[in-house]
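Take a look at the structure set out below.
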Amino acid sequence: MTFKTPLRWSDVTPQHLYLNRRQIIAAAGAALLATPALAKSKYSTDDAPNTFEEISGYNNYYEFGTGKEDPAANASMLKTDPWTVKVDGMVDNPGDYALGDLIAGLPIEERIYRFRCVEAWSMIIPWQGFQLSGLLDKIGVQPSAKYVAFETLVRPEEMPGQKMGILEWPYREGLRLDEAMHPLTIIATGLYDKPLPNQNGAPIRLVTPWKYGFKGVKAIVRISLTDQMPQTTWNMMAANEYGFFANVNPEVDHPRWSQASERRIGAGLFAGRQDTLKFNGYGDEVASLYAGMDLAQNY
Ligand code: MTE
């Protein structure tokens, strides 16, 4: 009986090719290192981002369950292609748009934003997306419009939480038109150079970094322009706890807990809480939107 020693790659590869391959790998590595990082937006924070695993593993998305790990476990069954977005109300170009057509030509950039949940935890998220203002310009907002309303997909076969009466579906959110047109307001299409994970709201979700996270409606299928303040899911559910504006405000506590500080996800057990900043630290950019308003009344 003969025993064969397993062949090694160097046994079958002429040495010059072997060296070549190593050189190619080294060159590719150097090229990767030399690739300039995505241009840094002037709106990005300098804080170190959370990891992709943290951002995509600890979510609120009740269509997939109420636990923080439910969305990562259940959202892969959602089909996001093809995707149609209904645009209606006070717009010049209403219609049912294929997502690709609706967002074609809108410049996508990275925005590293602070994210503060009303439950008093926070993360730093490197979103990719485009300014909502660009999309609104494209669909032609009419002068009579004062608000933008958004709705999430309803598809109980793929969104098991919708078979339970946890919330009233579809999930709804809204912005005043000046908030929607603000350059900080983006529609995210990705994070960390990857397409948006389903659990974070694929294929498109709203991001308003100076507001509590619940404003960030996921899996958007309808955008409506209206002259009436739209109904929003959490406000319909508990109006005394969740207002329409939802601006991050350490001075106005939630009726059941303080909003003065927050826990940074991933900071470790001993990191301690950090102070919550008014408008989540974006006051220089957005405080003027609320000049003269009582933010304790308009929470
Ligand atoms: N959008 C939909 N459709 N359904 C939801 O349950 N949860 C909101 C918001 N958008 C939610 C949603 C809440 S409470 C938060 S804090 C953020 O999504 C969480 O976003 P993230 O999971 O990407 O961190």
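The figures here come from the full heavy-atom set of this structure, side chains too, leaving out hydrogens, waters and symmetry mates. One-based numbering along the sequence shown. Both counts, for ligands and for their atoms, begin at 1 and track the order of listing.
- Note: Tyr61 and Phe64 have perpendicular aromatic rings, judged against thresholds of 30 and 60 degrees for the angle between ring planes.
- Of all atoms in ligand 1, listed by their number and element, those nearer than 4.0 Å to a heavy atom of Gly216 are 9 (C), 10 (N), 12 (C), 18 (O).
- At least one N or O atom of Asn59 sits closer than 3.5 Å to an N or O atom of ligand 1.
- Of the polar atoms of Arg205, at least one N or O is found under 3.5 Å from an N or O of ligand 1, judged by distance alone.
- Atom numbering of ligand 1 starts at 1 in the shown order; those under 4.0 Å from a heavy atom of Thr152 are 3 (N).
- Rounding to the nearest 0.5 Å gives a distance of 12.5 Å between CZ of Arg222 and CZ of Phe150.
- In this structure the side chain of Ile223 reaches within 4.5 angstrom of the side chain of Leu135, judged on heavy atoms.
- Of the protein's heavy atoms, Tyr171 CZ, 3.6 Å lies nearest to atom 12 (C) of ligand 1.
- Of the charged side-chain nitrogens involved, none lies within less than 4.0 Å of a carboxylate oxygen, so that Asp88 and Lys86 do not count as a salt-bridged pair.
- Closest to atom 17 (C) of ligand 1 by heavy atom, among Cys117, Gly213, Ala246, Ala219, is Gly213.
- Ring geometry for Tyr147 versus Phe244: interplanar angle over 60°, hence perpendicular rather than tilted (30 to 60°).
- Protein heavy atom closest to atom 1 (N) of ligand 1, with residue, atom name and distance, is Lys218 N, 3.3 Å.
- Regarding atom 7 (N) of ligand 1, its nearest protein heavy-atom neighbour is Asn60 O, 3.2 Å.
- For the residues Phe115, Tyr62, Tyr242, the heavy atom positioned nearest atom 24 (O) of ligand 1 is part of Phe115.
- Using a 4.5 Å heavy-atom cutoff, the side chains of Phe214 and Asn60 are not in contact.
- The proximity of Glu63 to ligand 1, defined as any non-hydrogen pair under 4.0 Å, is limited to the side chain.
- The shortest N or O to N or O distance between Trp127 and ligand 1 is not under 3.5 Å.
- One finds the CZ atom of Arg155 at 12.0 Å from the CD atom of Glu63 (value rounded to the nearest 0.5 Å).
- In this structure, Tyr242 and Tyr299 approach most closely via the heavy-atom pair C-CE1, 3.9 Å.
- At under 3.5 Å, a nitrogen or oxygen of Asn200, whether backbone or side chain, sits near a nitrogen or oxygen of ligand 1.
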